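Notes to accompany the following structure.
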Amino acid sequence: MNKKDLKERDVAEFLLMNPNFFKSNPDVLNALEITHNSEGTVSLVQKQVENLRNDYNSTLENLAQFLENAKENERIFSLTKKITLALLEQENITDLIGELEKRFINDFGASVCKVLFFGGEINKLPKGRVVGKDLAIKSLGELIKPNQIYSGPIDVDSKAKKFLFGNKESIKECVLVSLKTKSVTTILMLGSEANEKYSAEKDSLFLEFISDVASSLIDRHNN
């Protein structure tokens, strides 16, 4: 075949049909060069080494991120277990709510934590934690929905902000959980003075679990 008649397609087809060609002809492989955007012309072997190095570094970064996530999940699991056992030890709603709020602040880093009740029997509920249902609905609006969690920023001038946190202007984000209590309507609120602590993208599985435990215990003590 004349050199001029040799086409790229012919070379590609030959190499595909003869996958061991470079193994049998290593000198050809070492002589091959390709164009590199930042380094000019480099050999194919050099490019392969570079690709392997990049893949290795990428794998290390992914592994480091995986280990970091695993460590954080382990920490959260341990704290969730701790708060669950502590809640089970409480003998009445007042102590239960006090323990829940304390744990979220001390262990989970919330700037503010408070449980509010409305729309149910209030004789056994802690003083200062019972609010009018109409006021709560009017103030919270779309932020709170049955069996759902709101997590994200809160407008400093909003009715919800003033209702939940009063004049505490340092609160920038919040979490609102409508507990699954049957005997009384209950909300759990968390406030953060830091940005990006509470966001819709973060996993809320542990919070849902703690909320379910608290809901069950509140109903038990309120019967």
Side-chain angles (χ1 to χ4, degrees), residues 76-77 79-122 124-155 158-166 168 170-194 197-223:
I76 292 177
F77 175 78
L79 293 176
T80 300
K81 178 182 177 181
K82 183 178 178 181
I83 192 174
T84 300
L85 293 175
L87 294 180
L88 291 172
E89 294 177 353
Q90 307 311 308
E91 298 180 355
N92 55 64
I93 292 183
T94 300
D95 292 343
L96 173 68
I97 298 309
E99 187 69 22
L100 182 67
E101 294 173 347
K102 181 183 71 175
R103 295 284 180 175
F104 268 114
I105 293 174
N106 294 342
D107 295 345
F108 288 96
S111 301
V112 178
C113 176
K114 197 169 185 179
V115 177
L116 297 177
F117 302 92
F118 54 92
E121 295 294 331
I122 63 174
K124 294 183 180 181
L125 301 180
K127 294 181 180 180
R129 302 306 175 87
V130 181
V131 297
K133 184 175 182 180
D134 292 340
L135 176 61
I137 294 176
K138 182 179 180 180
S139 301
L140 298 179
E142 294 297 316
L143 289 184
I144 191 72
K145 295 181 181 180
N147 302 326
Q148 292 189 17
I149 296 177
Y150 170 80
S151 183
I154 186 166
D155 188 348
S158 67
K159 292 181 179 179
K161 167 68 169 52
K162 294 178 180 178
F163 175 76
L164 294 170
F165 305 108
K168 198 172 180 61
S170 57
I171 299 299
K172 299 177 181 178
E173 296 181 343
C174 73
V175 173
L176 299 179
V177 185
S178 178
L179 299 188
K180 300 176 183 178
T181 44
K182 299 177 181 179
S183 61
V184 60
T185 304
T186 313
I187 61 171
L188 166 67
M189 65 176 192
L190 306 173
S192 173
E193 296 178 346
K197 181 174 179 60
Y198 302 133
S199 67
E201 290 74 25
K202 292 190 175 182
D203 188 7
S204 62
L205 182 61
F206 84 96
L207 182 57
E208 293 174 12
F209 178 79
I210 295 173
S211 299
D212 288 346
V213 171
S215 299
S216 178
L217 293 174
I218 288 172
D219 282 336
R220 181 188 300 177
H221 289 303
N222 201 38
N223 286 332

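Quantities reported herein were computed from a predicted structural model and do not represent experimental measurements.
For Leu143 against Ala160, the heavy-atom pair with the smallest separation is CD1-CB, 3.4 Å. A pairwise comparison of heavy atoms in Leu179 and Ser215 identifies CB-OG, 3.2 Å as the closest pair. Ile171 and Lys161 get closest at one heavy-atom pair: O-CE, 3.7 Å.
By the salt bridge (Lys or Arg N to Asp or Glu O under 4.0 Å) test, Glu193 is found to be paired with Lys168, residues two or more places apart in sequence or in another chain being considered. A search for salt bridge (Lys or Arg N to Asp or Glu O under 4.0 Å) contacts involving Arg220 returns nothing, not counting sequence neighbours. Residues satisfying the side-chain contact (heavy atoms from CB on, under 4.5 Å) criterion with Asp155, sequence neighbours excluded, are Asp157, Ser158. Legend: residues meeting side chain to side chain donor-acceptor pair (under 3.5 Å) with Asp95, ordered by chain and number and at least two apart, are Asn92. For Ser211, the side chain to side chain donor-acceptor pair (under 3.5 Å) test picks out no residue, with sequence neighbours left out. Legend: residues meeting salt bridge (Lys or Arg N to Asp or Glu O under 4.0 Å) with Lys102, ordered by chain and number and at least two apart, are Glu99. Listed by chain and number, the residues in a side-chain contact (heavy atoms from CB on, under 4.5 Å) with Ser199 are Glu201, Lys202 (sequence neighbours excluded). In this structure Lys114 satisfies the side-chain contact (heavy atoms from CB on, under 4.5 Å) test together with Glu101, Leu116, Arg129, Met189, sequence neighbours excluded. Listed by chain and residue number, Glu208 satisfy the side chain to side chain donor-acceptor pair (under 3.5 Å) test with Ser204 (two or more places apart in sequence, or in another chain). By the side-chain contact (heavy atoms from CB on, under 4.5 Å) test, Lys81 is found to be paired with Leu85, residues two or more places apart in sequence or in another chain being considered.
The stretch residues 179-189 participates, sequence neighbours left out, in these salt bridge (Lys or Arg N to Asp or Glu O under 4.0 Å) pairs: Lys180-Asp212. For residues 84-107, the ring pair (Phe, Tyr, Trp, His ring centres under 6.0 Å) pairs, not counting sequence neighbours, are Phe104-Phe108.
Interatomic distance, CD1 of Ile154 versus OG of Ser192, reported as 12.0 Å (0.5 Å rounding). Separating the CD atom in Glu89 from the OG1 atom in Thr84 is a distance of 11.5 Å, to the nearest 0.5 Å. With values rounded to the nearest 0.5 angstrom, Leu190 atom CG is found 5.0 Å from Cys113 atom SG. Note that the NE2 atom of His221 and the OG atom of Ser183 stand 11.0 Å from one another [nearest 0.5 Å].
Formation of a donor-acceptor pair under 3.5 Å by the Glu173 side chain with backbone atoms of Lys197 is found in this model. Side-chain atoms of Thr186 come within 3.5 Å of backbone atoms of Val184 as a donor-acceptor pair (strictly under, hydrogens ignored).
Counting only N and O atoms by type, the side chains of Asp219 and Thr181 include no donor and acceptor under 3.5 Å apart.
Looking at heavy atoms from C-beta onward, Ile210 lies in side-chain contact with Thr80 at the 4.5 angstrom threshold. Put simply, the side chain of Leu79 does not reach to within 4.5 Å of the side chain of Ile83, judged on heavy atoms. Here the side chains of Ile105 and Val112 are not in contact, with every heavy-atom distance at 4.5 Å or above. Side-chain contact between Tyr150 and Leu140: absent, with no pair of heavy atoms (C-beta onward) separated by less than 4.5 Å. Residues Gln90 and Leu217 have side chains not in contact (no heavy-atom distance under 4.5 Å, counting atoms from C-beta outward). Looking at Phe118 and Leu135, their side chains never come closer than 4.5 Å, going by heavy atoms from C-beta outward. Here the side chains of Val175 and Leu188 are not in contact, with every heavy-atom distance at 4.5 Å or above.
Counting heavy-atom neighbours within 6.0 Å of Phe209 CZ, excluding the residue itself, gives a total of 12 or less.
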inquiry  = Ile137 vs Ser139, test: side chain to side chain contact (heavy atoms under 4.5 Å, CB included). Steps then yes/no.
reply    = CA-CA 6 Å; Ile137 294 176; Ser139 301; over 6 Å; no
